[in-house]
There are 2 protein chains.
Amino acid sequence: MPMGLSTHELDKIDQLVAVRRKIKRGDFLFQSGTPFKSIFAIRTGFFKTSVTTDDGRDQVSGFQMAGEIIGLDGIMNDRHACDAIALEDSEVCVMPFDRIEQISLEVKSLQHHVHKIMSREIVRENSVILLLGSMKAEERLAAFLLNLVQRLHARGFSQYELVLRMTREEIGSFLGLKLETVSRAFSKFADEGIVEVKQRNLKILNPEALKLIMNAQDHCS
Amino acid sequence: MPMGLSTHELDKIDQLVAVRRKIKRGDFLFQSGTPFKSIFAIRTGFFKTSVTTDDGRDQVSGFQMAGEIIGLDGIMNDRHACDAIALEDSEVCVMPFDRIEQISLEVKSLQHHVHKIMSREIVRENSVILLLGSMKAEERLAAFLLNLVQRLHARGFSQYELVLRMTREEIGSFLGLKLETVSRAFSKFADEGIVEVKQRNLKILNPEALKLIMNAQDHCS
DNA sequence: CGCGTCATTGATGTGCATCAAGTGGTGTGG
DNA sequence: CCACACCACTTGATGCACATCAATGACGCG
């Protein structure tokens with residue numbers, strides 16, 4: 001959250017985060033097509049967002065953890081453009097977007113903060129596009145794991161150990177791969193001593209090797 | 001641009017678009033890593049944006065035409081996160097972002113407009129992610145062509161004819177395919193009488209067929 | 001006119017999807 | 001507390017879509 005605010009400004013911002021909401025594992029935080037009112041700051045838990053085509057194909061477009069913001073896609077059109085589903089019991093701060101805009105008129109740093117958050121989402125999606133468009137299966141998984149552990153580490157968790165909150169199928173959907181391919185890549189990494197996989201518990205033994213794999217850069221023009 | 005403004009508000013907004021800049025074909029509008037100051041509204045011309053990994057891989061992340069906004073990725077970090085290159089001689093309105101934020105504090109509708117534009121970019125990227133993650137070559141090309149012609153049509157151009165401003169390789173890069181695959185897909189569409197391709201001039205003879213191809217939905221789970 | 005760039009088309013290879021069988025962990029009801 | 005069913009996962013065998021390699025053709029520009 002933005003720094004260097006007066007107490008008056010802080011009061012304003014407090015009004016935003018007044019309402020909280022608990023979401024059970026497997027439940028929707030919001031669904032594509034439903035009216036957009038608020039964005040959400042994840043307090044605890046873990047979510048996935050997924051987009052759907054007219055013809056029923058769908059794909060995981062991101063995983064979100066505590067401290068991250070979800071729902072920005074709804075601003076345009078006043079309707080949510082993706083589904084958000086809790087992968088574990090979670091709690092979010094409900095932040096009505098019209099309130100945010102109103103307070104942003106008075107608190108300049110909040111306005112800028114909102115812009116940064118939206119820009120960050122654009123940049124994040126850019127890197128997903130890059131991943132999907134130009135990386136091979138193992139490179140994708142390596143990039144995914146490094147990204148995940150880096151975000152967890154920034155939140156005070158271990159730099160090497162993590163619990164995957166999603167299934168292999170959901171990882172595959174996010175990475176544009178089939179679950180079998182994800183599974184095989186995990187096994188290969190494990191064989192090579194790069195990671196230790198026990199169910200959804202993962203230990204990264206050799207992060208440097210993962211970075212090398214991610215940057216294979218051999219083939220693609 | 002936002003509607004229903006007072007003349008005073010319009011004056012404010014006029015201050016934004018005072019500066020224009022011409023970009024020659026092949027030149028950068030901005031480069032990844034350079035300081036971010038402004039976003040740009042394309043007045044005339046055509047651009048591509050491309051993202052790059054540390055190891056030198058790069059990919060086209062979008063094509064932008066007149067009336068579209070470019071540069072939103074730079075807000076976070078105050079550095080551009082992608083390259084923007086003109087595919088033909090172009091002209092843009094330079095809109096200093098700090099000015100936008102300043103005026104947004106006074107003109108509520110402008111603030112909301114900015115949010116919508118950023119949200120639209122997020123939604124657009126979501127659909128690119130969906131395309132890259134779950135569609136086959138011909139489906140991708142069909143979706144690409146339909147999207148392109150739809151945007152051109154919204155700008156008063158033909159619903160069926162267009163000139164491709166980019167090479168096959170750039171299309172391929174955007175779609176996560178090799179140029180040969182793009183070329184073959186074009187030839188296949190032409191054989192089937194769905195389109196007429198003469199170099200970069202394209203005529204869509206059967207838009208419905210393209211929509212069907214895009215929504216093939218047969219295989220993928 | 002000749003060269004460079006872009007595009008087409010064919011032949012071959014390969015990475016991942018698909019299909020299929022089997023394992024292990026978890027939760028439920030007897 | 002155990003038996004059963006279910007689901008997530010692993011692993012192997014096979015096939016196919018697209019990449020890769022290579023040769024040729026069509027523009028456009030100096």
Side-chain angles (χ1 to χ4, degrees), chain A residues 24-26 48 57 59-60 85 87-88 131-145 163-192 195-202 213 216-221, chain B residues 24-26 48 57 59-60 85 87-89 131-142 144-145 163-192 195-202 213 216-221:
Chain A
K24 282 233 167 297
R25 190 169 97 105
K48 69 169 176 181
R57 255 180 293 201
Q59 179 175 1
V60 174
I85 298 175
L87 295 182
E88 57 181 8
L131 178 145
L132 290 173
S134 74
M135 289 183 161
K136 308 201 173 193
E138 287 170 27
E139 297 167 12
R140 294 182 198 194
L141 186 62
F144 169 70
L145 294 177
V163 178
L164 299 167
R165 300 298 177 181
M166 68 296 282
T167 66
R168 301 288 190 265
E169 185 168 18
E170 286 163 335
I171 295 173
S173 173
F174 178 61
L175 298 178
L177 302 169
K178 292 288 144 184
L179 68 99
E180 295 95 326
T181 306
V182 174
S183 180
R184 279 183 238 276
F186 269 127
S187 300
K188 180 132 180 284
F189 290 171
D191 285 351
E192 292 169 344
V195 303
E196 203 177 291
V197 193
K198 207 171 284 171
Q199 293 294 112
R200 299 203 179 168
N201 300 292
L202 198 105
I213 289 171
Q217 87 182 5
D218 49 352
H219 42 339
C220 289
S221 60
Chain B
K24 284 233 168 297
R25 184 170 148 225
K48 70 169 177 180
R57 256 181 294 202
Q59 179 176 1
V60 174
I85 299 175
L87 296 182
E88 56 182 7
D89 292 356
L131 178 143
L132 290 173
S134 74
M135 289 182 161
K136 306 202 170 195
E138 288 171 26
E139 297 166 11
R140 293 183 198 193
L141 186 63
F144 169 70
L145 293 177
V163 179
L164 299 168
R165 301 298 176 180
M166 68 297 282
T167 66
R168 302 288 189 265
E169 185 168 19
E170 286 163 336
I171 296 173
S173 173
F174 178 60
L175 298 178
L177 302 169
K178 292 290 144 182
L179 69 98
E180 295 95 328
T181 306
V182 174
S183 181
R184 279 182 238 275
F186 270 126
S187 300
K188 181 131 180 284
F189 290 172
D191 285 351
E192 292 169 345
V195 302
E196 203 176 291
V197 193
K198 207 171 283 171
Q199 291 296 110
R200 300 204 180 168
N201 300 291
L202 198 105
I213 288 171
Q217 88 183 3
D218 48 351
H219 44 338
C220 289
S221 59

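Chain naming here is simple, since letters A, B, ... match the order of the sequence lines and numbering starts at 1 in each.
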Discussion item. I'd like to know if the side chain of A:Arg140 reaches the main chain of A:Met135, judged simply by a donor and an acceptor atom lying under 3.5 Å from each other, with no hydrogens or angles considered.
Written reply: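 Pair found, side chain donor or acceptor close to backbone of A:Met135.
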Worksheet item: Just by modelled atom types, is the B:Glu169 backbone N or O under 3.5 Å from a matching donor or acceptor in the B:Ser173 side chain?
Response: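 Not a single qualifying donor-acceptor pair exists.
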Quick check for you: among [options], whose closest atom lies nearest to any side-chain atom of [X]?
{"X": "B:Thr181", "options": "D:dC18, C:dA17, C:dC19", "result": "D:dC18"}
{"X": "B:Ala137", "options": "C:dA17, C:dC6, D:dC18", "result": "D:dC18"}
{"X": "A:Leu177", "options": "C:dC16, D:dA17, C:dA20", "result": "C:dC16"}
{"X": "B:Thr167", "options": "C:dC6, D:dA17, D:dT10", "result": "C:dC6"}
{"X": "A:Gln199", "options": "D:dT10, C:dA7, C:dG25", "result": "C:dG25"}
{"X": "A:Lys178", "options": "C:dA7, C:dA17, D:dC18", "result": "C:dA17"}
{"X": "B:Ser183", "options": "D:dT20, C:dT8, C:dA17", "result": "C:dT8"}
{"X": "B:Glu180", "options": "D:dT20, D:dT10, C:dG15", "result": "D:dT20"}

Discussion item. Between the base of D:dG12 and the side chain of A:Arg184, is there a donor and acceptor pair under 3.5 angstrom?
Written reply: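 Present.
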Worksheet item: Has the side chain of A:Glu169 got a donor or acceptor that lies under 3.5 Å from a partner of the other kind on the base of D:dC7?
Response: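 For A:Glu169, whose side chain was compared with the base of D:dC7, there is no donor-acceptor pair (under 3.5 Å).
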Practice prompt. Could you tell me whether the phosphate oxygens of C:dC6, OP1 or OP2, come under 4.0 Å of any side-chain nitrogen or oxygen in B:Arg200?
Written response: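 For C:dC6, neither OP1 nor OP2 has a side-chain N or O of B:Arg200 closer than 4.0 Å.
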Practice prompt. Give a yes/no on whether any side-chain N or O of B:Arg168 is located under 4.0 angstrom from OP1 or OP2 of C:dC6.
Written response: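 The answer is no; no side-chain N or O of B:Arg168 sits under 4.0 Å from OP1 or OP2.
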Whole-Å distance separating the [atom1] atom of [X] from the [atom2] atom of [N]:
{"X": "A:Arg25", "N": "C:dT26", "atom1": "CZ", "atom2": "P", "value": "12 Å"}
{"X": "A:Leu179", "N": "D:dA8", "atom1": "CG", "atom2": "P", "value": "10 Å"}
{"X": "A:Leu202", "N": "D:dC9", "atom1": "CG", "atom2": "P", "value": "12 Å"}
{"X": "A:Arg165", "N": "D:dA8", "atom1": "CZ", "atom2": "P", "value": "17 Å"}
{"X": "A:Lys136", "N": "D:dC18", "atom1": "NZ", "atom2": "P", "value": "15 Å"}
{"X": "B:Leu164", "N": "C:dC6", "atom1": "CG", "atom2": "C1'", "value": "13 Å"}
{"X": "B:Asp191", "N": "C:dT8", "atom1": "CG", "atom2": "C1'", "value": "12 Å"}
{"X": "A:Lys198", "N": "D:dA8", "atom1": "NZ", "atom2": "C1'", "value": "18 Å"}

Discussion item. Checking A:Thr181 against A:Leu141 for the side chain to side chain contact (heavy atoms under 4.5 Å, CB included) test, could you report, in this order, the C-alpha distance in whole Å, the side-chain angles of both residues, the deciding distance, and whether it holds?
Written reply: CA-CA 10 Å; A:Thr181 306; A:Leu141 186 62; over 6 Å; no
Worksheet entry | Residues A:Phe186, A:Leu202; criterion side chain to side chain contact (heavy atoms under 4.5 Å, CB included); working and verdict | CA-CA 10 Å; A:Phe186 269 127; A:Leu202 198 105; 3.4 Å; yes
Worksheet item: Base, sugar-phosphate, or nothing for B:Gly172, non-hydrogen atoms under 4.0 angstrom?
Response: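 Touches nothing.
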Discussion item. With salt bridge (Lys or Arg N to Asp or Glu O under 4.0 Å) as the test, pick out the partner of B:Glu88 among B:Arg165, B:Lys48, B:Arg25, B:Lys24.
Written reply: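 One option only clears the test, and that one is B:Arg165.
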Worksheet item: Are the side chains of A:Arg184 and A:Glu180 in touch, meaning some heavy atoms are under 4.5 Å apart?
Response: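 Counting from C-beta outward, A:Arg184 and A:Glu180 do come under 4.5 Å.
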